[in-house]
Amino acid sequence: MAKRYTYWIPAIFVAALISTFSTHYFSSEETSRILTPFLHWIFPGASTHTLSRMHTAIRKLAHVTEFGVFSIAVFHGVRGERYGWRWQWALITLIIAVSYSGLDEWHQSFVPMREARFRDVLIDATGALLAQVFVWGYAKFHRNSAKAVEFQKTST
């Protein structure tokens with residue numbers, strides 16, 4: 001039974017990382033101190049408005065990425081020792097990921113320099129959904145690869 005819980009360790013780790021990113025240390029004001037000068041160095045001719053847009057895009061892409069990784073880790077926990085892909089596992093994964101996103105945004109409403117945004121929950125949900133599409137494709141490819149290898153073994 002204890003082995004079953006080990007499948008959840010990656011999801012717990014990523015959830016803790018997401019919670020760390022929800023602190024004031026990763027607020028827009030704080031990340032702009034690092035990202036904006038870096039972007040200005042890469043794009044010296046970019047206007048302040050353009051640099052601000054790029055900073056926002058990077059932050060939103062981070063939402064997609066972190067919840068995509070979280071979604072994959074949660075799927076790993078939900079699936080456990082079993083193999084393959086099932087839509088029920090993906091649905092449970094999405095419910096957990098979107099719920100955690102909502103809790104994360106609610107948490108941010110209490111953090112100085114942060115605010116809760118429903119739009120960010122939608123962005124997080126998009127990342128989780130894209131990751132599940134990736135997981136489905138990965139499982140489908142490997143299932144077909146396993147069948148091809150098995151067919152080659154039986155035909156020789």
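Any value given below was found using the heavy atoms of this structure, including those in side chains, with hydrogens, waters and symmetry copies removed. Counting from 1, the numbers follow the sequence of the chain as shown.
- Judged purely by atom type and a 3.5 angstrom limit, Thr36 has no side-chain atom pairing as donor or acceptor with the backbone of Arg33.
- Legend: side chain to side chain donor-acceptor pair (under 3.5 Å) pairs involving residues 113-133, not counting sequence neighbours, sorted by first then second residue: Lys60-Asp120, His63-Asp124, Ser71-Gln132, Ser101-Asp124, Gln108-Arg114, Glu115-Arg117.
- Here Trp41 is tied into one hydrophobic group with Leu35, Phe38, Leu39, Ile42, Phe43, Leu51, Met54, Ile58, each link being a pair of ILVMFWY side chains closer than 4.5 Å.
- The side-chain contact (heavy atoms from CB on, under 4.5 Å) check on Ala73 picks up Pro10, Ala11, Val14, with sequence neighbours excluded.
- As a member of the Ile/Leu/Val/Met/Phe/Trp/Tyr network built from side-chain separations under 4.5 Å, Leu61 groups with nothing else and remains a singleton.
- Atom CD1 of Ile18 is separated from atom CZ of Phe13 by 11.0 Å, given to the nearest 0.5 angstrom.
- Cluster partners of Leu129, using a side-chain heavy-atom cutoff of under 4.5 Å among ILVMFWY residues and allowing indirect links, are Leu94.
- Here the side chain of Ser27 pairs no donor or acceptor atom with the backbone of Thr23 at under 3.5 angstrom.
- Atom CH2 of Trp136 is separated from atom NZ of Lys140 by 5.0 Å, given to the nearest 0.5 angstrom.
- Contacts classified as side chain to side chain donor-acceptor pair (under 3.5 Å) and involving residues 47-59 (residues at least two apart or in different chains) are given here: Thr31-His55, Thr31-Arg59, Ser47-Thr50, His49-Arg53.
- Atom CZ of Phe67 is separated from atom CZ of Phe70 by 6.5 Å, given to the nearest 0.5 angstrom.
- Listed by first then second residue, pairs satisfying side chain to side chain donor-acceptor pair (under 3.5 Å) with a partner in residues 74-94 number zero, not counting sequence neighbours.
- Remark: Tyr100 engages Ser19 in a side chain to side chain donor-acceptor pair (under 3.5 Å) (not counting sequence neighbours).
- In the hydrophobic clustering, where aliphatic and aromatic side chains (Ile, Leu, Val, Met, Phe, Trp, Tyr) are joined below 4.5 Å either directly or transitively, Ile9 stands alone.
- The side-chain contact (heavy atoms from CB on, under 4.5 Å) check on Ile72 picks up Ala131, Phe134, Val135, with sequence neighbours excluded.
- With sequence neighbours excluded, the residues satisfying side-chain contact (heavy atoms from CB on, under 4.5 Å) with Ile92 are Val78, Ile96.
- A search for side chain to side chain donor-acceptor pair (under 3.5 Å) contacts involving Tyr25 returns nothing, not counting sequence neighbours.
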